[in-house]
Amino acid sequence: MSAIETFRAETRAWLEANCPESLRGAAASGELVWGGSQVEFANEDQRLWFERMRDRNWFCPAWPAAYGGGGLSAEEDAVLQQELKRLKCRPPQINLGIWMLGPVLLEFGTEEQKQRLLTPMTRGEVRWCQGFSEPNAGSDLANIRTSAVDAGDHFVVNGSKIWTSYGDKSDWMYALVRTDNSSAKKQDGISLLVLDMHAEGVEARPIDLISGKSSFCEVFFDNVKVSKDNLIGPLNGGWTLAKRLLQHERSAMSKFGEFSLPTHFDLMTILGDYLPRSEGEPDSPSDIALRARAQACALDEHAYNLTVQRMGQQARARQDVSGIAAIMKLVHSEQEKQKFEILVDAMGHRALGWDGDEFSEQELAISKAWLMSYTQTIAGGSSEVQLNVIAKRVLDLPDTPKGGAK
Amino acid sequence: MSAIETFRAETRAWLEANCPESLRGAAASGELVWGGSQVEFANEDQRLWFERMRDRNWFCPAWPAAYGGGGLSAEEDAVLQQELKRLKCRPPQINLGIWMLGPVLLEFGTEEQKQRLLTPMTRGEVRWCQGFSEPNAGSDLANIRTSAVDAGDHFVVNGSKIWTSYGDKSDWMYALVRTDNSSAKKQDGISLLVLDMHAEGVEARPIDLISGKSSFCEVFFDNVKVSKDNLIGPLNGGWTLAKRLLQHERSAMSKFGEFSLPTHFDLMTILGDYLPRSEGEPDSPSDIALRARAQACALDEHAYNLTVQRMGQQARARQDVSGIAAIMKLVHSEQEKQKFEILVDAMGHRALGWDGDEFSEQELAISKAWLMSYTQTIAGGSSEVQLNVIAKRVLDLPDTPKGGAK
Amino acid sequence: MNLIYNEEQRMLLDTAQEFFAERSPVSALRALRDRKDELGFEPELWQEMTELGWTAIPFPENLGGLAFGYKGMGTVFESAGRHLSASPLLSSVVLCGSILEQGGSAAQQKSWLAELIAGSKRLALAVDEGVRHNPQQIELSAVRTDTGFQLDGQKVIVVDGFQADGWIVAARTGQAADAISLFIVPAGTAGVEQSRQNLIDSRNTARLTFTHVQVAPEQLIGELDQGALILESALDRGRACIAAELQGACEELFKTTLEYLRTRVQFDVPIGSFQALQHRAAWMHVDIELARSCLMAALDAIDSGDAQTAQLVSLAKWKVGQMADKVSSEAVQMHGGIGVTDELDVGLYFKRIRVLQALLGDADYHLNRAAPLLEEA
Amino acid sequence: MNLIYNEEQRMLLDTAQEFFAERSPVSALRALRDRKDELGFEPELWQEMTELGWTAIPFPENLGGLAFGYKGMGTVFESAGRHLSASPLLSSVVLCGSILEQGGSAAQQKSWLAELIAGSKRLALAVDEGVRHNPQQIELSAVRTDTGFQLDGQKVIVVDGFQADGWIVAARTGQAADAISLFIVPAGTAGVEQSRQNLIDSRNTARLTFTHVQVAPEQLIGELDQGALILESALDRGRACIAAELQGACEELFKTTLEYLRTRVQFDVPIGSFQALQHRAAWMHVDIELARSCLMAALDAIDSGDAQTAQLVSLAKWKVGQMADKVSSEAVQMHGGIGVTDELDVGLYFKRIRVLQALLGDADYHLNRAAPLLEEA
């Protein structure tokens, strides 16, 4: 048996012995464990799985052992991921720090920063949130205004961030801040800073959405002191790091999506419940037309899933996948929106409930998910931005020249 | 009886007595009479109607009698139009000169030009065509390059025009030509010229379209001499006149559309022929879905027709109709395209015939009309240009500023 | 066919616009929602609307009405739509009022209709039973008894039905498909249970359960088994008014969206200068204009008693509904992140629009019902 | 499920691309059209394709094939699509070849299949009778006689059917819905009349009329009444190849369109810098990628004998067809005036694409047929 085969056999055996049955398969959103100082477990199995994986240093299996990682080779890590997938093990914890900031710290952080920041991540002790967007910097991220002013041994941060997921429950934030107002290109005056959410002057307020309460927060900074060793990478060099971070966002989101399927409602199944066919009676023309629309939508979802598969196969065959990768977020979010529109059509007033006992839990969940689907085509790069990126980077269509179209 | 009531009664009586029965109601495209030196009549009725209207000076009923017009007041003209409509009389002749150039000549022409050019129009003796578009001046009309160079008592014209309807059958053309290459704004170097299509150096070649032969021509000018009294309006002042001319285009096209309905195929009727319902058998789901699409399309056409009606009523009530007027061409052409797409889906291979005996005349006509419908969303201001106009003039959305979007 | 408002109607439109803008702006709906108001509208506002005579608009003068027709009613509904102003005008006046006008006995008209017009009582129409609107499938039964009728069954999505002074209930009284009868059931009648259905639009909607409910013969409206036609005609008036409310809401939402496009700056330019958004906005304008024409045709058809009223109403409900789907979705998307927050009014418009779109028949339903229009051509 | 071409297949793809680009570019189709060529393809080209071994690709080695599967076939079809290259590969090899492979007797395989592979004979499949594809509704009858069978009826839209060396005819031989039998009818058989149906794509399509046509028992393929399954399987192979041809044609047309957007200047800038066009082009790209995945799944399903092959083929024909509708329409519109002239190749692509979209089942047909895929999830 080759070394890798041995590793696979051992890993499989360990996972089978240590991953509790109840933590295999997709979880409802509320059932996921978020690592951090306030980590909460809904049951003993969750705690066991968390502690066992932590103690095996497998929260970050491929990170160097020096920072608490598992020290696995890329090949071993791939095997571990395959085995986790085979058993459908849920991630023992969810943590933006590991998925997004971590890889950037490994690449750009100082040794001191790696020691100080990565180790607690690999122990699941710190919950991280992201501070990028601002009210005036949505699609145009470079427009951020939250300032970090040099005050000798520390920065003083003022301003606000928006759309920070779980800002109210996180321990630390990685944030883009403006450290130079004078640069000609606004991208050039931006730095990447990490900061303690418990520090004085930081306030996180959850945002109400059209779908009701949300995990998104608005975060306000009022003269927050941040010591200078929390600057990641060069001063005014944050834009490059931010772009790198956002590259990790997609894979993070897909990992997240794989295990938490809070909004997966199967269109055709639900359609069947609300558009029942009567024995012997022909369906009404309007039901048939709706069913045809639903079929088209569900088949489009099928085409999307095949495309996910194809992208993986192309990547493994070392073929260029940039053209496919660029469509994924756009397609998925737009398809979800369309799916819910059809569901709402089919469910009539049953999909229009807000709260109360008059509607089933599933019905209320569908209403919320429908409204939330409108968030998906905006957050994380709006559909418009996705289309711009496809047009320019994939299709190589020209920019509008200066002094251009009238 | 008031004077206008008397006029109405006389007009009605005259029309009833003089408009042959066979010339009432919409005509197939080939059955319309085009005035001009080569005027052709398919039958005696056409000749009679042409000559009677000509002799009553009613080719241009509201133009001054001095130029061969009918000299009617606006009120009388309106009554005449109503009575023509009531009896569904076809226009005795079709002539772009009357509908488009005529009004501009009346406004901007010299007295000599009016005498010389309008009088033959009102006699139906000259067939006119339009020379605006060029290969590099499609949506961007100001980009024309056909040049008219001052050579003392005449201009020398070189270049080419495209999309000239019936360029090969016309006697005269009104054309936009570049008379100044040095102007900063390209609109400022353009003049409006009329010229004899039979002159030396003029060649008109019909253009083949995806639908086959067409009435559009490409017209080439090779050192064509045009005497200076054929310049309409000021030198380099043609752009203003062109815009005025194009305002008349819409009403001209709608008049034309009213009487020549070569492509009016009723969607639901044809659908019924090709998607027959079997007695006692339920329709197939795919037929039902197609029928639903067809219904939606036909109802949209209904909504369009109601909008035409509403626009007329608002105009009569002296309310602003610019917001409605701006959508008409766009909606109509896009709806037609959509209608034919559905027809083609319903007719299967019967709509895919090109020529030969294997397809009925109607089937071949539908194939051609379907392919031609693709021309409608491009010619006469593409859908994109229409949308730009709506966005900027109706919705008041801002221009892209210089040095704008990246 | 007259597709524009005349001068009188335009004056009424201006009055209604001003009234709702001042007395019931969107913030009023927000306040009702935030305090979880069960009635879903402000009784004082309703009283003021009554005093302005709007509850009398559609009725003939001999019944205490103003005979100002459904174009008149349309002006009020589109103005209410613009400001998301909540009132029981649809349920009590348009739907129940029409039924009483067309089918009510003199006594019923005297007691109930007069009170509806005065605003001193409110009725709500109980017709739907299933997931989607379908007045052809009524199963709630009314069975003859020695003293009258007994009602058993359930109604859902009864607009303004919670805490109404009574309900007009559509009940099956025979085997034939259209053997439907209409009954007035006053609040407090034994055996009627009401529960509030809280929808996303924060308005008043109720489920009603009827268990062995006894009603007297004089509570029957019109002839036994003959209620379907009266019901359908009232529903059509209601659908046209809903279309007007939708049209108003969408035009206002579109206005707000255009303003946002002109002022919101990203990448150093107003986002309204991006051509992709310009074209989408232009298409919204196109749909709004086409829908407006259909709405006006429907209102005019009702007023002139057009033989194709039902089809024209369905055309309007379909086309306006399709437009509303698009305008509301695009409005949210074009507002970006802020558009999905509760802070902006955009979401309130979105939710109300989507409920109106489903009420009394969605696009699929009315597409089919409008189809006979196409046979005439 | 393997959704990409392997190295061998990619090599074949490159060869095919080069071959068609050089030997049968769009100008070749234009020439065939302009001289109103009745055959609709160049016999020399066909001979060269045969020599390259492409007619042997899908067949097992014991039948003289290369056993290179439908992914292999797909590479040839998408390359042909890119250049609108005309050949009887679909009709003779894929459709008729599959039937002979799966249902033919040893003698039939020896005579006919070997000749098809060698390119020395051409067969065409006669299946459709109505306006739209529907192999469930075959009415052409084959009735037993003393000496064999008698065929009566009509077939339309027989691809490459004009002047073929023979036809495989799907005939009704019993009352049961699927009582279909397949017969080989050589050209020259008494009672067969052929007329050319001139379609917009300038390819070879025929109507065949069968009047008291006598066929011998050995012309029956497989068992009597058992032809439906074999037919359906061959049709699925054909549909997948059509999808591949469509995909290739659309990708090429899209490439041309992008090039035009980059170079055509209006209002002093390349029109490809207009954001509205950019977004529409981006959506085209999205559809092309999604369609590509479905196509690859269909080809792979055929090669691996997937239990859901029929549904996956329908998914591909549906999705590729929808994409093709959009890409071809947008290509014409984006090319503007010049796009509707015959001078540009855009129109030739448009016309071929629209014919392929309808052949062997349009989007509506395959949407329904693919639906069972959704039940597994």
Q: Contact part of D:Ala297 toward chain A, heavy-atom cut-off under 4.5 Å: side chain, backbone, both or neither?
A: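 Only the side chain of D:Ala297 comes within 4.5 Å of chain A.
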Q: Between D:Asp325 and D:Arg354, is the closest basic N to carboxylate O distance under 4.0 Å?
A: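 Salt bridge between D:Arg354 and D:Asp325, a charged N being under 4.0 Å from a carboxylate O: yes.
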Q: Does the distance from a Lys or Arg side-chain N to an Asp or Glu carboxylate O, for D:Asp300 and A:Arg310, drop under 4.0 Å?
A: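 A salt bridge is absent here (no side-chain N lies under 4.0 Å from a carboxylate O).
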Q: Looking at A:Ile327, A:Leu397, A:Ile390, which has the largest count of heavy-atom pairs under 4.5 Å with chain D?
A: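 When all of A:Ile327, A:Leu397, A:Ile390 are compared, A:Leu397 has the most.
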Q: Under 4.0 Å between a side-chain nitrogen and a carboxylate oxygen: does that hold for D:Asp303 and D:Lys71?
A: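 Result for this pair is no, no salt bridge flagged.
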Q: Sort A:Val389 into side chain, backbone, both or neither according to what part of it lies under 4.5 angstrom from a heavy atom of chain D.
A: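 Contact with chain D involves no heavy atom of A:Val389 at all.
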Q: With a 4.5 angstrom heavy-atom cut-off, could you sort out which part of D:Arg292 is near chain A: side chain, backbone, both or neither?
A: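 Both backbone and side chain of D:Arg292 come within 4.5 Å of chain A.
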Q: Identify which part of D:Trp283 has an atom lying under 4.5 Å from any heavy atom of chain A, answering side chain, backbone, both or neither.
A: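 It is both, since atoms from each part get that close.
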Q: Once the angle between the rings of D:Phe267 and D:Phe274 is folded into 0 to 90°, is it parallel (under 30°), tilted (30 to 60°) or perpendicular (over 60°)?
A: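 Rings of D:Phe267 and D:Phe274: perpendicular, as their planes differ by over 60°.
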Q: Where do D:Tyr365 and D:Pro135 come nearest, in terms of heavy atoms and distance?
A: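 Looks like OH-CD, 3.4 Å.
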Q: Does any backbone or side-chain atom of A:Glu384 lie under 4.5 Å from a heavy atom of chain D? Answer side chain, backbone, both or neither.
A: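 Both backbone and side chain.
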Q: Quick one: are D:Val313 and D:Ile302 in side-chain contact, heavy atoms under 4.5 Å?
A: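 Yes, close enough: below the 4.5 Å cut-off.
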Q: Please determine if D:Asp236 and D:Arg369 form a salt bridge, counting it only when a charged side-chain N lies under 4.0 Å from a carboxylate O.
A: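 Looking at D:Asp236 and D:Arg369, the cut-off is met.
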Q: What I want to find out is whether A:Glu75 reaches A:Arg8 closely enough, with some N-O distance under 4.0 Å, to be called a salt bridge.
A: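 The answer is no: the pair does not qualify as a salt bridge.
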Q: Please classify the contact of D:Gln275 with chain A as side chain, backbone, both or neither, using a heavy-atom distance under 4.5 Å.
A: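 It is the side chain, since no backbone atom gets that close.
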Q: Specify which of D:Ser293, D:Ala291, D:Ala282, D:Ala281 makes the most heavy-atom pairs with chain A at under 4.5 Å.
A: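 Of the candidates given, the most pairs with chain A belong to D:Ser293.
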Q: Identify which part of A:Asn305 has an atom lying under 4.5 Å from any heavy atom of chain D, answering side chain, backbone, both or neither.
A: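 Neither part; nothing is under 4.5 Å.
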Q: Can you tell which part of D:Asp364 gets under 4.5 Å to a heavy atom of chain A, answering side chain, backbone, both or neither?
A: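 No part of it gets close to chain A.
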Q: Let me know if A:Ala317 has heavy atoms under 4.5 Å from chain D in its side chain, its backbone, both or neither.
A: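 For A:Ala317, the contact with chain D is made by the side chain alone.
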Q: Which bit of D:Leu315 is near chain A, if near means a heavy-atom gap under 4.5 Å: side chain, backbone, both or neither?
A: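 For D:Leu315, the side chain is the part near chain A, not the backbone.
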Q: Strictly below 4.0 Å, N to O, side chains only: are D:Glu259 and D:Arg262 in salt-bridge contact?
A: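 Looking at D:Arg262 together with D:Glu259, the answer is yes, because their closest N to O distance falls below 4.0 Å.
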Q: So which part of D:Leu312 gets closer than 4.5 Å to some heavy atom of chain A, the side chain, the backbone, both or neither?
A: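 Side chain only.
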